[in-house]
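Remember, predicted model here, so these are calculated numbers, not experimental data. Labels below follow one simple rule: chain letters A, B, ... track the order of the sequence lines, proteins then strands, and each chain is numbered from 1.
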Number of protein chains: 2
Amino acid sequence: MATPKETKAPPAMAEADIAIVRIAPETSFKNKAYEALKEAILKMDIYTTPEPVMLDERALSERLGVSRTPIREAIAMLEQDGFVKTVPRRGIVVVRRTKTEIVDMIRAWAALESMAARLITTTARKKDITALRDFFKDFNSDRRPEDHIEEYSKANIAFHQALISLSENQVLVDMTNDILLHVRGYRQLTIGRKDRTATSLPEHLGIIEALEARDTELAEKRARDHTLGLAAYVEAHGQELFT
Amino acid sequence: MATPKETKAPPAMAEADIAIVRIAPETSFKNKAYEALKEAILKMDIYTTPEPVMLDERALSERLGVSRTPIREAIAMLEQDGFVKTVPRRGIVVVRRTKTEIVDMIRAWAALESMAARLITTTARKKDITALRDFFKDFNSDRRPEDHIEEYSKANIAFHQALISLSENQVLVDMTNDILLHVRGYRQLTIGRKDRTATSLPEHLGIIEALEARDTELAEKRARDHTLGLAAYVEAHGQELFT
DNA sequence: ATCAGGTTTTTGGCATGCCAAATACCAGAA
DNA sequence: TTCTGGTATTTGGCATGCCAAAAACCTGAT
């Protein structure tokens, strides 16, 4: 018999640690509710529905099969994330960002990513940098990004996340992911737009080249300008979503 | 008489809107508990106590005179902020950052602040930029920062916050404030150190000069390098706190 | 004295129920 | 029909109490 996880491991004992399948806590209802609600909010396309989206604690607790307590705790967490806002005796409303807020977020993203690029030039391994090209290996002059927008958009996000991960700075990674979550619902109608995908791919490759060349200033500049370009684009052409 | 915020303003009605003292909700216990706990955590000098700091729900609810429910919701919020971590059947522990995490945070701060500097050169008013000098008007070659470290340290933080506010980008402001909260407890033994205050003041003035000159690239560079300098300093001399 | 085995206590997780504020609803008067 | 006043309902805020997992404690055998 295997003795699983003793507080103090007995001196002499043949330990057969096979198939210890993680007796782990399996996350609480609170965390399950948090993940479920977060995912539901992210895939609900808030910017297409005209009237404000409301959540109801009791309805949610019934739908998820738990009491209101863990639901309320999950809501409190989501409120910290800025995804919802609970108005005292009115209800819980899913937050809709203004165009200005989206633009501000993208500029913050540009700041974080350019710093990541800077750090990468001094620490990342050559092979890891070069591997960034793989995200776009299915696209070229024959198979153009603007003809496969959905697919290219996913590769786009994956590239940016992989890029920032190379900085080996978890704070940059986490903060950027938070921003991407907020911008994502909005992304569908902006990042994927044809008029930007045309310039997007060359810019990405330019960033990779600067990283490979270990040109800190250039890599930083290219990463910054690329994302600032998106911010400028949204600022100029993002009206239709915020009527 | 003005008609004060009616849902539908009645046509004819002489409304005496004197002494409408805001019947506002006065924040819930949940939010009060959140603020109280947050402040308590921030002023407790986590890095000086050797053993991990634990919190107890029941003790807290008794101390604050409320039930465990709002306390638990506040804890959930603080956990989202990264200030505490609740371990299932073990307790709630106040998170201690590693040196690497602190350095990573400061680098993220550098990224955000350099972007703020960039934006300021294109949007802020001259007088607002010049006003940044006031934070240091009490310091000069006669009254040196290193002789009034506590006071200079406060001016330092205030300067950085005011600087970022000038960007008029609320996302940058909020993210930086979050970072400062985490770095603050640590600040006492680093930012305030004499060997850095010597170079700090001239660098600050250099940033202001670049902003006034509307030199986008230079302002960004100086803001970035100044804070990256702090990161490098902590990385090199911050050992003693993380034994 | 040491340690296995069992018991008590502690601690977070969660369900339940009541409360008050805000709203929705409805009936009666003008 | 429209407006007013009151009532029922909805909704988040919160207190309370039980539960199970862990830890702390205790006890008796070796």
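Contact between the side-chain N/O atoms of A/Ser67 and the OP1/OP2 oxygens of C/dA15 is found at a separation under 4.0 Å.
Between A/Glu235 and A/Lys99 there is no salt bridge, since none of the side-chain N atoms of the basic residue sits less than 4.0 Å from a carboxylate O of the acidic one.
Between B/Phe83 and B/His182, the two ring planes are parallel [angle under 30°; tilted spans 30° to 60°]. Aromatic ring pairs are classed by plane angle as parallel below 30°, tilted from 30° to 60° and perpendicular above 60°; the pair A/His160 and A/Trp109 is perpendicular.
Neither side chain, B/Glu35 nor B/Asn31, offers a donor N or O lying under 3.5 Å from an acceptor on the other.
Between A/Met54 atom CE and C/dT23 atom C1' the separation is 12 Å, expressed in whole Å. Atom P of nucleotide D/dC14 and atom CG of B/Leu64 are separated by 12 Å, given to the nearest angstrom.
A/Glu39 places no side-chain N or O within donor-acceptor distance of the main-chain N or O of A/Ala36, the cut-off being under 3.5 Å.
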Problem set entry | Summary of protein contacts for nucleotides 7-13 of chain D, nucleotide by nucleotide, where a base hit scores B, a sugar-phosphate-only hit scores S (4.0 Å, heavy atoms) | ----BBB
